Amino acid sequence: MGSVVLLDLMGGVALLLWGLHMVLSGVLRAFGPDLRRILSNALGNRFSAFAAGLGLTALLQSSTATGLMTTSLAAEGAIGLVPALAIMLGANVGTTLIVQLLSFDIAAVAPILFIIGLITFRIGRSNLPRALGRIAIGLGLILLALHILLDTLAPAEQAPAVRALLASITNDPVLCIVLAAALTWAAHSSVAVVLLVMSLAYSQFVTPEAALALVLGANLGSAINPLLEAGVSGDPATRRLPVGNMLNRLVGVLIVLPFLPAIAHELSVFQPNAAKMTAEFHILFNVALAAIFIGLLDPVAWLLERVLPEKKQTVDASVPRYLDEVALETPPLALANAARETLRMGDSVEAMLRDVMTALMNNDRALVSNVSRLDNVADRLDDAIKLYVTKLTREALDEREGRRAMEIISFTINLEHIGDIIDKNLCELAVKKIKRRYQFSAEGAAELTAFHKRVCESLQAAFGIFMTSDVEAARKLLREKTELRKAQLEAADRHFERLREGRPESLETTSLHLDILADLKRIHSLICSVAYPVLEAAGELPPLKDRDVVVTSDTSSEVLPLPPQST
């Protein structure tokens with residue numbers, strides 16, 4: 001009998017956790033990047049940050065998720081420590097609202113949520129309705145799990161093994177706190193643990209005092225995961241926020257623990273329903289802590305900055321900055337992170353493109369070496385981004401997310417090929433020019449500089465198209481591709497005219513001049529490839545499989561789609 005009850009109990013808890021996971025993943029799939037933006041913009045004052053944390057956690061149904069997201073933003077320097085701490089105070093209050101709502105008997109709503117969720121998920125053609133369907137199904141599973149837990153615990157009073165197991169922790173509040181904290185850490189959800197405690201209290205499996213101790217443990221456990229996540233970093237400054245949140249939780253637990261018997265007695269008199277009493281204590285505890293600590297955030301932040309100073313170290317540009325592994329469970333957020341990292345890689349490639357022309361014009365050996373170093377940075381970032389997106393594609397992605405993932409991989413590959421052309425071709429030309437002490441004619445140097453400037457401007461435009469999918473900008477970039485081809489031919493014609501005039505500088509640099517033009521044109525073709533997915537999505541190009549392709553002659557064998565005949 002006892003074994004069956006325990007098995008049913010574990011099944012109910014598993015269903016509850018899965019329901020919470022579905023709600024969290026659904027919300028993040030639908031609003032992930034916007035939620036991160038809301039958090040990063042909650043900088044007006046500590047009260048607006050508190051409200052942002054409260055609302056976001058009520059939506060996500062997980063203070064742990066809010067904590068991980070806020071910790072990531074604080075580590076990147078996107079938000080200050082004081083507003084970040086205020087966000088966490090709001091998150092801790094927000095999670096109590098969910099528990100308070102679910103403390104009411106609304107299990108009858110579960111079938112309705114299942115029907116709405118299934119219909120919305122099946123008929124949805126875009127990410128948003130499918131995510132909303134996922135949320136509805138998750139809420140239904142939560143309510144169904146609570147109903148199963150109550151039904152399982154009701155007849156379990158006659159199960160000696162279950163009663164013996166739970167009775168062993170009833171008389172030890174400290175053990176209750178440790179056990180609930182461990183469960184919350186393992187489940188990544190204080191909501192699930194508090195709801196379980198409510199079920200136990202309602203069925204009188206635990207005393208009111210033990211129920212409140214378990215709630216304290218759940219609150220303490222919710223601060224563990226962000227702390228462990230930040231602990232991976234070598235910079236102590238990244239641990240300030242999770243340590244501050246843990247300090248807040250720990251101080252609250254230590255203050256309340258000695259008075260737990262008296263609090264349990266008074267609340268039991270005020271609220272005879274043990275489940276509702278547990279939920280009300282949960283919200284009172286967090287509201288009281290928020291009221292106390294929100295005025296003390298400045299000294300707390302000062303203390304954390306002194307205890308955990310920022311580590312002075314040389315930043316390795318080849319180490320990814322935005323590829324957060326935690327975000328892989330949330331495709332929209334992970335794709336946004338991958339796109340940001342791709343722009344970082346693009347910054348290195350753009351610096352290479354600018355520096356190599358300066359080295360060519362000024363015979364600067366130091367700049368040539370710097371370009372090779374930047375190429376190594378770009379190569380490592382390329383590998384990291386592709387690995388990150390590949391991990392992401394193992395999850396179920398909708399059509400739009402899958403298309404964006406392929407766009408990111410394609411753009412990083414083309415950026416890496418641009419870096420190879422600069423490093424292997426243009427740098428070699430620069431070294432050759434320096435060794436032989438060649439000089440371009442004034443007219444030739446001006447032509448190359450102007451041509452190079454247009455390529456750099458197109459690269460800047462490509463970054464914008466990559467992030468915004470601007471159709472008009474994509475059209476303009478392809479028009480520039482045609483114009484640049486004409487400019488290349490005109491520059492070559494003018495160079496041949498100077499050769500016919502017998503200009504010595506032109507005679508010496510003929511191969512250099514033409515090779516530089518050709519390499520810059522190849523780079524520009526790779527840059528323009530970012531426009532094709534945008535125009536294809538807008539219906540202005542046929543699908544890639546229906547278009548002709550051309551294979552470039554560089555070592556990467558990059559496959560590029562040909563533009564329409566009109567361009």
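For clarity, every value in this text was computed on a predicted model and none was experimentally measured. Residue numbers start at 1 and run along the sequence shown.
Taking CG from L477 and NZ from K481, the interatomic distance works out to 9.0 Å, rounded to the nearest 0.5 Å. Annotation: the span from I421 atom CD1 to D375 atom CG amounts to 11.0 Å, rounded to 0.5 Å. Once rounded to the nearest 0.5 Å, the distance linking CH2 of W185 with OG of S222 reads 14.5 Å. Note that CE of M357 and CG of D364 are 14.0 Å apart. Values are rounded to the nearest 0.5 Å.
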Given side chain to side chain contact (heavy atoms under 4.5 Å, CB included), test R522 with H417 step by step and report yes or no. CA-CA 10 Å; R522 290 168 62 202; H417 289 166; over 6 Å; no

Before you tell me yes or no, could you show the steps for R373 and N370 under side chain to side chain donor-acceptor pair (under 3.5 Å), namely the whole-Å CA-CA distance, both residues' side-chain angles and the distance that decides it to 0.1 Å? CA-CA 5 Å; R373 182 187 64 80; N370 186 58; 2.9 Å; yes

Audit row: K453, E457, side chain to side chain contact (heavy atoms under 4.5 Å, CB included) steps and yes/no: CA-CA 6 Å; K453 181 181 178 182; E457 290 171 350; 3.3 Å; yes

Please lay out, stage by stage, how D470 and K476 fare under the test salt bridge (Lys or Arg N to Asp or Glu O under 4.0 Å). CA-CA 10 Å; D470 188 319; K476 183 178 179 181; over 6 Å; no

Please evaluate residues Y438 and N363 with respect to the criterion side chain to side chain contact (heavy atoms under 4.5 Å, CB included), reporting the C-alpha separation (whole Å), side-chain torsions for both, the decisive distance (0.1 Å), and the verdict. CA-CA 9 Å; Y438 289 156; N363 291 345; over 6 Å; no

Under the salt bridge (Lys or Arg N to Asp or Glu O under 4.0 Å) criterion, do R344 and D347 qualify, and how do the steps go? CA-CA 5 Å; R344 276 196 69 224; D347 289 340; over 6 Å; no

Under the salt bridge (Lys or Arg N to Asp or Glu O under 4.0 Å) rule, what do R479 and E472 come out as? Steps first, then yes or no, please. CA-CA 11 Å; R479 289 195 295 268; E472 180 54 38; 3.3 Å; yes

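The backbone N or O of Y322 lies less than 3.5 Å from a partner atom in the side chain of E341, making a donor-acceptor pair. Using modelled atom types, one side-chain atom of T412 and one backbone atom of I409 make a donor-acceptor pair closer than 3.5 Å. At least one donor-acceptor pair closer than 3.5 Å links the side chain of R240 to the backbone N or O of L308. No donor-acceptor pair under 3.5 Å is formed between the side chain of H513 and the backbone N or O of A445. Formation of a donor-acceptor pair under 3.5 Å by the T342 side chain with backbone atoms of A338 is found in this model.
Residues R354 and E350 are paired through a salt bridge, judged by an N-O separation under 4.0 Å between the basic side chain and the carboxylate. By the 4.0 Å N-to-carboxylate-O rule, D383 lies too far from R380 to be salt-bridged with it. Taking a cutoff of 4.0 Å between a charged side-chain nitrogen and a carboxylate oxygen, R494 and E447 qualify as a salt bridge. Between R454 and E480, at least one side-chain nitrogen of the basic residue sits less than 4.0 Å from a carboxylate oxygen of the acidic one, meeting the salt-bridge criterion.
Residues passing the ring pair (Phe, Tyr, Trp, His ring centres under 6.0 Å) test with F463: none are found, sequence neighbours excluded. Applying the side-chain hydrogen bond (donor to acceptor under 3.5 Å, both in side chains) rule to Q488 yields the partners R485; only residues at least two apart in sequence or on another chain are considered.
Counting only heavy atoms from C-beta outward, the side chains of L381 and V377 approach each other to under 4.5 Å. With contacts defined as side-chain heavy-atom distances shorter than 4.5 Å, the pair F451/V455 qualifies. The shortest side-chain heavy-atom distance between R46 and P83 does not fall under the 4.5 Å cut-off. Proximity of N362 to L367: side-chain heavy atoms (C-beta onward) are nowhere separated by under 4.5 Å. Inter-residue side-chain proximity for M361 and L448 is flagged as met; some heavy-atom pair is nearer than 4.5 Å.
Both tests hold for R404 against F466: distance to the six-membered ring centre under 6.0 Å, angle to the ring axis within 45°.
When all heavy atoms are compared, the tightest approach of L353 to V356 is O-CG1, 3.4 Å.
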